[in-house]
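Here the structure comes first, spelled out in structure tokens, and everything after it is commentary.
Predicted, not measured: the structure shown is a model, and the values here were computed from it.
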Amino acid sequence: MAKIKEKFDNVFELDLGDGIKRIGTKSLVPNKRVYGEKLVNVKNTEYRVWNPNKSKLGASIINGLKEMPIKKGSKVLYLGASAGTTPSHVADVAEDSPVYAVEFAPRIMREFIESCEGRKNLFPILGDANKPEEYANIVEKVDVIFEDVAQPNQAEILIKNAKWFLKKGGYGMISIKARSVDVTENPRVIFEAQKEIMEQNGFKIVDAINIEPFEKDHMLFVGIWNGQ
Ligand SMILES: C[S@@+](CC[C@H](N)C(=O)[O-])C[C@H]1O[C@@H](n2cnc3c(N)ncnc32)[C@H](O)[C@@H]1O
């Protein structure tokens, strides 16, 4: 019999009795898988197992994220939605609050739109995260910006979007892929440099998680926005 414990708001530790550490979110759309994830029923509630190999946010939670800024009721701007793996879990956590999810590749966007079916709080936006002004007519002020775009200017994209959309005291969460910045440089040097860009532009970094072994040379930073 599976056991369940709430780790963070709307994020659950699932014990399926096999000794493997798993987390999950309540299925907002029961019986619907987004990326082939396992569905587990406990006491008449269905949970989707959050696969850390396919989600950097999932990996960060397994690897010891201190606090989860995305909670029930958080308004979220998600940059780099891809086909919706992590955005779907974020939408489960936010529950009845909007998650605006930006993706710039039209082919992936079509898959993402399918995964949004039935999810009343997940809003797909075809757009370039470098140009927040282009979706400013859709997105409102948010509590959290989550970014996973794997681009050379990752930190700058977060700052640009924070200036438009992040509430003062809100959180920026960013997955930094060292190889997208510079394949030849030592990843630690890149992480420090990206962190410094955030600190010099209005973020106070409060958490930093290395997400190996799930993803090589990736860090997740969490920062509080001072509002500029
Ligand atoms: C690593 S994948 C994201 C995976 C996704 N966050 C998840 O966990 O399910 C990065 C995505 O960011 C998108 N992307 C890259 N640059 C972007 C930009 N400037 N604006 C919007 N999307 C972008 C890519 O097309 C790709 O789908």
Side-chain angles (χ1 to χ4, degrees), residues 1-78 81-99 101 115-116 118-122 142-148 167 169-176 205-216 218-224:
M1 176 66 179
K3 285 189 208 144
I4 198 120
K5 193 173 133 204
E6 194 163 17
K7 180 175 174 65
F8 298 122
D9 214 14
N10 268 345
V11 178
F12 300 85
E13 279 174 346
L14 299 165
D15 176 358
L16 306 186
D18 58 5
I20 298 174
K21 198 171 171 183
R22 287 191 183 83
I23 52 167
T25 55
K26 267 189 223 165
S27 297
L28 280 194
V29 189
N31 224 358
K32 187 174 178 214
R33 290 182 175 82
V34 174
Y35 58 102
E37 69 277 26
K38 200 178 171 67
L39 304 177
V40 178
N41 259 291
V42 189
K43 293 183 189 155
N44 295 327
T45 302
E46 187 186 272
Y47 297 85
R48 298 192 302 126
V49 176
W50 196 337
N51 186 341
N53 291 300
K54 297 198 171 162
S55 167
K56 284 149 217 155
L57 180 54
S60 306
I61 295 170
I62 296 272
N63 275 12
L65 183 74
K66 285 188 229 152
E67 285 298 326
M68 173 62 154
I70 303 168
K71 303 174 193 306
K72 180 173 185 237
S74 299
K75 292 181 180 173
V76 181
L77 172 61
Y78 191 110
S82 194
T85 297
T86 307
S88 67
H89 285 291
V90 167
D92 285 349
V93 175
E95 203 170 317
D96 40 20
S97 226
V99 176
S115 74
C116 290
R119 294 183 181 277
K120 295 192 179 73
N121 65 333
L122 183 53
V142 297
D143 303 292
V144 182
I145 298 179
F146 184 90
E147 181 188 320
D148 179 17
K167 291 178 188 168
Y171 286 82
M173 305 179 80
I174 182 168
S175 162
I176 301 285
I205 302 299
V206 291
D207 205 355
I209 321 273
N210 186 317
I211 57 173
E212 286 196 33
F214 303 108
E215 292 277 358
K216 196 171 178 316
H218 276 74
M219 286 287 289
L220 184 112
F221 287 108
V222 181
I224 299 180

Query raised in the report: In chain order, what residues pass the ring pair (Phe, Tyr, Trp, His ring centres under 6.0 Å) check against Tyr171, with sequence neighbours excluded?
Result: none

Query raised in the report: Looking at residues at least two apart in the chain, or sitting in another chain, which of them share a salt bridge (Lys or Arg N to Asp or Glu O under 4.0 Å) with Glu46?
Result: none

Requested in this report: Side-chain contact test, heavy atoms from C-beta onward, threshold under 4.5 Å: evaluate it for Asp207 versus Leu65 and give yes or no.
Outcome: yes

Query raised in the report: Under the side chain to side chain contact (heavy atoms under 4.5 Å, CB included) criterion, do Asp9 and Val93 qualify, and how do the steps go?
Result: CA-CA 7 Å; Asp9 214 14; Val93 175; 5.5 Å; no

Query raised in the report: If only atom types and distance count, is the side chain of Ser115 paired as donor or acceptor with the main-chain N or O of Ala83 below 3.5 Å?
Result: yes

Query raised in the report: What pair of heavy atoms forms the shortest contact from Ala59 to Pro52, and how long is it?
Result: CB-O, 3.5 Å

Report task. For the pair Met173 and Ser60, evaluate side chain to side chain contact (heavy atoms under 4.5 Å, CB included) and give the outcome as yes or no after the intermediate values. Result -> CA-CA 11 Å; Met173 305 179 80; Ser60 306; over 6 Å; no

Query raised in the report: Shortest non-hydrogen contact from Ala101 to Leu122?
Result: CB-CD1, 4.2 Å

**Report entry** Qualifying residue for side chain to side chain contact (heavy atoms under 4.5 Å, CB included) with Leu57, from Ile211, Ile209, Thr86
**Finding:** Thr86

Query raised in the report: Of Asp92, Thr45, Val42, which is the lone residue that meets side chain to side chain contact (heavy atoms under 4.5 Å, CB included) with Lys26?
Result: Thr45

Query raised in the report: Got a sec, which residues hit side-chain hydrogen bond (donor to acceptor under 3.5 Å, both in side chains) with Asn210, two or more places apart in sequence or on another chain?
Result: none

Requested in this report: Over all heavy atoms of both residues, which pair between Val144 and Pro69 is shortest? Give the atoms and the distance, please.
Outcome: CG2-O, 3.6 Å

Report task. Output all residues satisfying ring pair (Phe, Tyr, Trp, His ring centres under 6.0 Å) with His89, sequence neighbours left out; order by chain, then residue number. Result -> Tyr35, Trp50

**Report entry** Sequence-distant partners of Lys5, salt bridge (Lys or Arg N to Asp or Glu O under 4.0 Å), two or more places apart
**Finding:** Glu13

Query raised in the report: Is there a side-chain contact between Tyr78 and Val142 (heavy atoms, below 4.5 Å)?
Result: no

Requested in this report: Quick one: pull up CD in Glu37 and OG in Ser55 and give me the separation to the nearest 0.5 Å.
Outcome: 11.0 Å

Query raised in the report: side chain to side chain donor-acceptor pair (under 3.5 Å): which pairs involve residues 62-76, sequence neighbours left out?
Result: Lys75-Glu140

**Report entry** Residue list, salt bridge (Lys or Arg N to Asp or Glu O under 4.0 Å) with Lys167, at least two apart or on another chain
**Finding:** Asp143

Query raised in the report: Asp148: what forms a side-chain hydrogen bond (donor to acceptor under 3.5 Å, both in side chains) with it, not counting sequence neighbours?
Result: Lys56

Query - Where Met68 and Val11 come nearest, the two heavy atoms and their spacing - result: CE-CG2, 4.3 Å

**Report entry** Qualifying residues under ring pair (Phe, Tyr, Trp, His ring centres under 6.0 Å), relative to Phe214, sequence neighbours excluded
**Finding:** none

Report summary line: So CZ of Arg119 and CG of Leu28: to nearest 0.5 Å the spacing works out to 6.0 Å

Report summary line: Looking only at heavy atoms, the pair that brings Gly58 and Ile23 closest together is O-CD1, 3.8 Å

**Report entry** Side chains of His218 and Ile176 in contact at under 4.5 Å (non-hydrogen atoms)
**Finding:** no

Report task. Taking salt bridge (Lys or Arg N to Asp or Glu O under 4.0 Å) as the test, write out the residues that go with Asp18, two or more places apart. Result -> Arg22

Query - CA sep, side-chain torsions, deciding dist, call: Lys32, Leu39, side chain to side chain contact (heavy atoms under 4.5 Å, CB included) - result: CA-CA 9 Å; Lys32 187 174 178 214; Leu39 304 177; over 6 Å; no

Query raised in the report: Can you name the closest pair of heavy atoms from Ala81 and Pro87 and give their distance?
Result: O-CG, 3.6 Å

Query raised in the report: Would you call Leu14 and Val49 a side-chain contact if the rule is heavy atoms closer than 4.5 Å?
Result: yes

**Report entry** Ser27 (side chain) donor-acceptor with Pro30 (main chain) under 3.5 angstrom
**Finding:** no

Query - Derivation of the side chain to side chain contact (heavy atoms under 4.5 Å, CB included) call for Ile174 and Leu220 - result: CA-CA 6 Å; Ile174 182 168; Leu220 184 112; over 6 Å; no

Query raised in the report: Considering residues at least two apart in sequence or located in another chain, which fulfil the side chain to side chain contact (heavy atoms under 4.5 Å, CB included) criterion with Ala94?
Result: Ser97, Val99, Asn121

Query raised in the report: With sequence neighbours left out, which residue pairs that include part of residues 4-24 fulfil the ring-ring contact (aromatic ring centres under 6.0 Å, His included) condition?
Result: Phe12-Tyr47

Report task. Could you grab the distance from atom CD of Glu215 to atom CG of Asn53, nearest 0.5 Å is fine? Result -> 8.0 Å

